[in-house]
Amino acid sequence: MLIRLFSIVSLLWAPLAPAGLVDPFRVHEFTLSNGIRLFVREDHRAPVAILQVWYKVGSADESPGLTGISHVLEHMMFKGTERYPGNRFFELIDANGGEENAFTSRDYTVYYELLEQGRLEIAFELEADRMRNLLMREADFEKERRVVMEERRMRTEDRPEALALETLYALAFDNVPYGHPIIGWMGDLEGLTLPDLKDWYARWYSPANARLVVVGDVDPAAIRALAEKHFGRVPAHRPPQRRVVAAVPPRGPRRAVVRAPARLPYLVMGYRTPSLGQGEDDAEPYVLDVISNLLDGGQSARLARRLVRGAEVAASAGTGYNTYGRYDGLFLIDGVPAEGHGVAELEQALLGEIRALREAPVDPDELERVKAQVVAAEIYSRDSISRQASLIGAAETIGLGWRVLNEYVARIQAVTPEQVQAVARKYLVPERRSVVVVEPLPIGGPARPVQAAAGAGEAVR
Amino acid sequence: MIRLLRWVLCVVGLHGALASAAPKIQHWVTEEGLRVYFSPAHELPLLDVNLAFDAGSARDGDHPGLARLTGGMLDEGAGGLDADAIAAAFDGVGATYSASVGRDMAQFSLRTLADAAFSGPALDTFLTVLTRPDFPEGSLARMKRQTLVALEEEKQRPGAVASKAFYRALYGGHPYASPVLGTERSVARITRAEVRGFYRRYYGARNAVLAIVGDLDRAAAERLAARFSRGLAPGERAPALPPVPKIEGAKTIRIPFPSTQAHVFIGQPAVARGDPQWPTLYLGNHILGGGGFSARLVKAVRVERGLSYSVYSAFSPLRAKGPFFIGLQTRTDQARQAVGVAREVLRGFMRDGPTERELEAARDNITGGWPLRFDSNAERIAYLAVIGFYGLPLDYLETFPKRIEAVTVADIRQAFAGHLDLDRMVTVIVGGRAE
């Protein structure tokens, strides 16, 4: 199969590009009687399989006062049903040698079980049961709310870079509901009630709003039968209506300062940029992906080469960009100044790199290097069944369809130096920019000028 | 309930079949003394290579931070190529290079496409970096400055502050006490001659273990190993580390920090790699605090009291006795309560051991989930590196679940009593105001 594909595909692209080695996604698609959609991909390398259940609800669906509710509900989903009360969920998955967890993002909430392939049925049974039958008890809720508040303290309150990123999102978005944190504001967590959660659950957890993804050593027909047996009996439910939010035009630049106990200054900036499926030209997200790699794709990329090693104005610097999203998102750039340099110098240096992208087309060799890396990374991603399932689930939940995954390499390969320049000129502009700087407050001892990866793909567990 | 019973039967019935899923590991030693561990994987067009030297921070001697700086310097210049040229050579063929230095090991890994058009140049560059490093003076000066920034960054993370204080308290004068990053004083003084000297002393073929996983056959793996083996100086194996001294008595270290949470570590030096009771300790810890939501610590601290998002316990076996630790974070005013609960759980577990039911559940979880541990090339090569570096048996991945099945409640109680001493526990609490 691989050989045949190689011979076809290699005709289309430069001979050196390894695109033909990318094993395309072949996904079996099913729709169950109650409307749940099921996506199965075979990967027979090891006798294991993963089930992921994707609900199209995330922090972007939350309104003021209810921020963090999607993530709190994710926690409550492990608190039992009538049939499997208390800790039974964990006990059953554990007894079968499984790994289970969940994560919430701005766009979706995902639950998964990774198991030896012959034991996958228990995951179907438990996930189907908790799609509609969750017991939410006041005592569990009170404790779990405290757990989530500890989680917020750990992830955000005591981390200056996380506070800066949270502030950046709040600063950059006007009406698009990406402005509040996935984990929620502390005050909103305090104000949440059990009826709020029950409402949220009833509204969003239903067959029509869910997608099932299975990847692993499985037979698609058998998985379909399993899905029908367990999920088929979950009653259909009218899909929730969503309002379409048209983004307010950006009128930046905007700035904010976060003062927090820290030893190092830190800077993060974000440009409002389109996501795949949302923008006017669907080539643009791929070009932004390439730009992100030009700046921060490995040690030969511009930020490492010019700012960390060359000018040594940054101790570290990075970018982050999410290709898929329900709304337009942020192209992130962050950094920590090197010893002897201030955050203002770092900012000028980062802006200089952005300007360079706008002013001159990228050298074709440099672009080829980025493309080789992107294609190789795509091949490497096939080493993980979880990663494969996540790609399918995200593409489907965002509404792009899994076939978009197979376009990825060709779309990246097609990016030209002129497009890079045009997209930089259109989106990496002051009007779209928001900047947040951390001003260190003393911890003890004199503060001076880290390492922080930009968090475009952030999710909260 | 009938359905449940069937699953339980299913679990029992599958044990035998699972162990065979473990990758077969081939092992040989080259003429020059390089130990090689190889596992072919032809399903994906990938090649992973990992070269590990006994050159971790335990070898820092009087220069804390020297091992890490040496490891980080290899791709800064080699064979006349500068850092930019090396980076471009890896990136240009889509290869990823990484270096990491811990207490025992300095590890260098490469992931590349297996096709010779890509793996050829990637491996050439990787070999150049490992066998002919130039240690450019300018790069060293920059890396030292970057290390100082990293040390500052550690100081703003209460968890990192706690971890450092914990290792210092556990290991006193032992090499494991030396912080991997080093200290401001030591890093500022490290010279190029010292870095070169460290490389010459520890980066020899006899002091290294090469692991290879991917789409190549034995002959190709042997040729590859021979290139590494001849490229490196023969060198000598590093001497044995000194034994870890016993902690004198229980102690609690409180460090004030302007954070909303206190970060807590409780533990002591406990177990070395290759310990015959390792499966017993591993299984016991799974029940105590290693096995997710069913673990006792998680139930007591998180599920029942809502005190912490993350709470766990672990044994971290090293060449010499590595630590056992309980870790948690909680709002500063709850720290005393959380520490009390954690200590009580540990005390109860050491006294009574697990219940039969807990033992059975943990056993099922570990053995039933065994194939999940090595279902990717990335996981396989990590196992090969550890098996090779610590000289574990080649059939380790096959026998481990069988050894887990044989463990009894009494074994766990006895192994914990033999490896942990409640009267010598160190507790570190970072966060809150000074008392």
Side-chain angles (χ1 to χ4, degrees), chain A residues 16 18 21 45-48 78 87 90-92 94-99 114 116 118-119 122 125 142-144 146-147 150-151 153-154 157-158 160 261-264 297-300 304-305 309 312 315 336 338-339 369 372-373 375-377 379-380 382-385 443-444 448-451, chain B residues 7-8 10-11 14 18 21 43-46 83-84 87-88 90-95 111 113 115 117-118 142 145-146 148-150 152-153 155-156 158 257-261 291-294 302-303 305-310 329-331 361 364-365 367-372 375-378:
Chain A
L16 236 176
L21 292 174
R45 291 181 300 144
V48 302
F78 293 91
N87 229 21
F90 293 117
E91 287 166 10
L92 283 166
D94 287 358
N96 281 279
E99 286 172 29
L114 184 60
E116 191 269 326
R119 306 175 186 214
I122 181 68
E125 160 74 14
E142 284 309 323
K143 274 176 277 192
E144 212 51 37
R146 294 181 62 194
V147 168
E150 292 296 344
E151 184 178 355
R153 289 184 187 103
M154 192 190 83
E157 304 279 330
D158 290 342
R263 302 282 297 188
L264 300 169
Q299 287 299 311
S300 70
R305 182 159 41 93
R309 292 199 299 270
E312 210 191 322
V336 171
E339 240 200 345
R369 191 258 304 151
Q373 281 181 290
V375 175
I379 297 170
Y380 300 158
R382 303 299 194 265
D383 192 28
S384 159
I385 61 169
I443 288 176
R448 220 187 31 209
V450 62
Q451 189 131 334
Chain B
W7 282 320
V8 172
C10 209
V11 169
L14 276 163
L18 290 179
E43 297 87 348
L44 290 175
L46 305 185
D84 288 353
F90 283 130
D91 291 349
V93 289
R111 170 164 272 198
L113 300 172
D115 187 311
F118 307 97
R142 170 170 44 75
R145 288 191 290 270
Q146 286 172 339
L148 296 179
V149 174
E152 286 298 307
E153 193 269 343
K155 287 183 200 160
Q156 71 183 24
F257 200 94
S259 50
T260 63
Q261 280 188 318
F293 284 87
S294 303
R302 175 173 165 159
V303 179
R305 294 181 179 81
L307 289 171
S308 189
Y309 170 65
S310 156
Q329 311 83 35
T330 190
R331 205 174 65 203
D364 288 347
N365 182 240
T367 57
W370 200 241
L372 274 48
D375 65 359
S376 66
N377 293 8

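Order of the sequence lines sets the chain letters (A, B, ...), proteins ahead of strands, with each chain counted from 1.
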Just how far is it from atom [atom1] of [X] to atom [atom2] of [Y], taken to the nearest 0.5 Å?
X         : Y         : atom1 : atom2 : result
Leu307(B) : Lys143(A) : CG    : NZ    : 10.5 Å
Arg142(B) : Glu339(A) : CZ    : CD    : 13.5 Å
Leu113(B) : Ile379(A) : CG    : CD1   : 4.5 Å
Glu151(A) : Ser310(B) : CD    : OG    : 10.0 Å
Arg382(A) : Glu43(B)  : CZ    : CD    : 15.5 Å
Arg45(A)  : Asn377(B) : CZ    : CG    : 6.0 Å

Practice task
State, yes or no, whether a side-chain contact exists between Glu99(A) and Leu372(B) at a heavy-atom distance under 4.5 Å.
Solution key: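 When only atoms from C-beta onward are counted, Leu372(B) and Glu99(A) do touch, with a gap below 4.5 Å.
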Heavy atoms only: give me the nearest [X]-[Y] pair and the separation to one decimal.
X         : Y         : value
Gly368(B) : Glu116(A) : O-CB, 4.0 Å
Ala376(A) : Gly94(B)  : CB-O, 3.4 Å
Ala372(A) : Gly92(B)  : CB-O, 3.5 Å
Asn365(B) : Gly98(A)  : ND2-O, 3.6 Å

Handout entry: Listed partners of Phe90(B) passing ring pair (Phe, Tyr, Trp, His ring centres under 6.0 Å), at least two apart
Key =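 Ring pair (Phe, Tyr, Trp, His ring centres under 6.0 Å) list for Phe90(B), sorted by chain: Tyr97(B).
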Handout entry: Set of residues satisfying ring pair (Phe, Tyr, Trp, His ring centres under 6.0 Å) with respect to Tyr380(A), sequence neighbours excluded
Key =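 Checked Tyr380(A) against ring pair (Phe, Tyr, Trp, His ring centres under 6.0 Å); zero matches.
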Exercise for the section: Using a cut-off of under 4.5 Å on heavy-atom pairs, state which of Val147(A), Asp94(A), Leu114(A), Asp383(A) scores highest against chain B. Expected result: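 When all of Val147(A), Asp94(A), Leu114(A), Asp383(A) are compared, Asp383(A) has the most.
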Handout entry: Top contributor to chain B contacts, counting heavy-atom pairs under 4.5 Å, from Arg309(A), Gln373(A), Gln299(A)
Key =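 Result: the option with the highest number of such pairs is Arg309(A).
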Expected output: side-chain [X] to main-chain [Y] donor-acceptor under 3.5 Å:
X         : Y         : value
Arg146(A) : Arg305(B) : yes
Asp375(B) : Val48(A)  : no
Asp158(A) : Gln261(B) : yes

Exercise for the section: Side chain from CB out, backbone as N, CA, C, O: work out which of these in Glu142(A) comes under 4.5 Å of a heavy atom of chain B, or both, or neither. Expected result: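 Neither part.
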Problem - Region of Asn87(A) that comes under 4.5 Å of a non-hydrogen atom in chain B - result: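 Answer is side chain: those atoms of Asn87(A) sit under 4.5 Å from chain B.
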Practice task
Check whether Leu46(B) gets within reach of chain A through its side chain, its backbone, both or neither, counting any heavy atom under 4.5 Å.
Solution key: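 Side chain of Leu46(B) only, per the 4.5 Å heavy-atom cut-off to chain A.
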Problem - Part of Ser294(B) lying under 4.5 Å from any heavy atom of chain A - result: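 Contact with chain A involves both backbone and side-chain atoms of Ser294(B).
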Problem - Short side-chain donor-acceptor distance under 3.5 Å, Gln329(B) and Glu150(A) - result: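 Checked: Glu150(A)/Gln329(B) side chains show no N/O donor-acceptor pair below 3.5 Å.
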Handout entry: Top of Ala83(B), Gly292(B), Ala95(B) for chain A proximity - count of heavy-atom pairs under 4.5 angstrom
Key =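 Highest number of pairs under 4.5 Å: Ala83(B).
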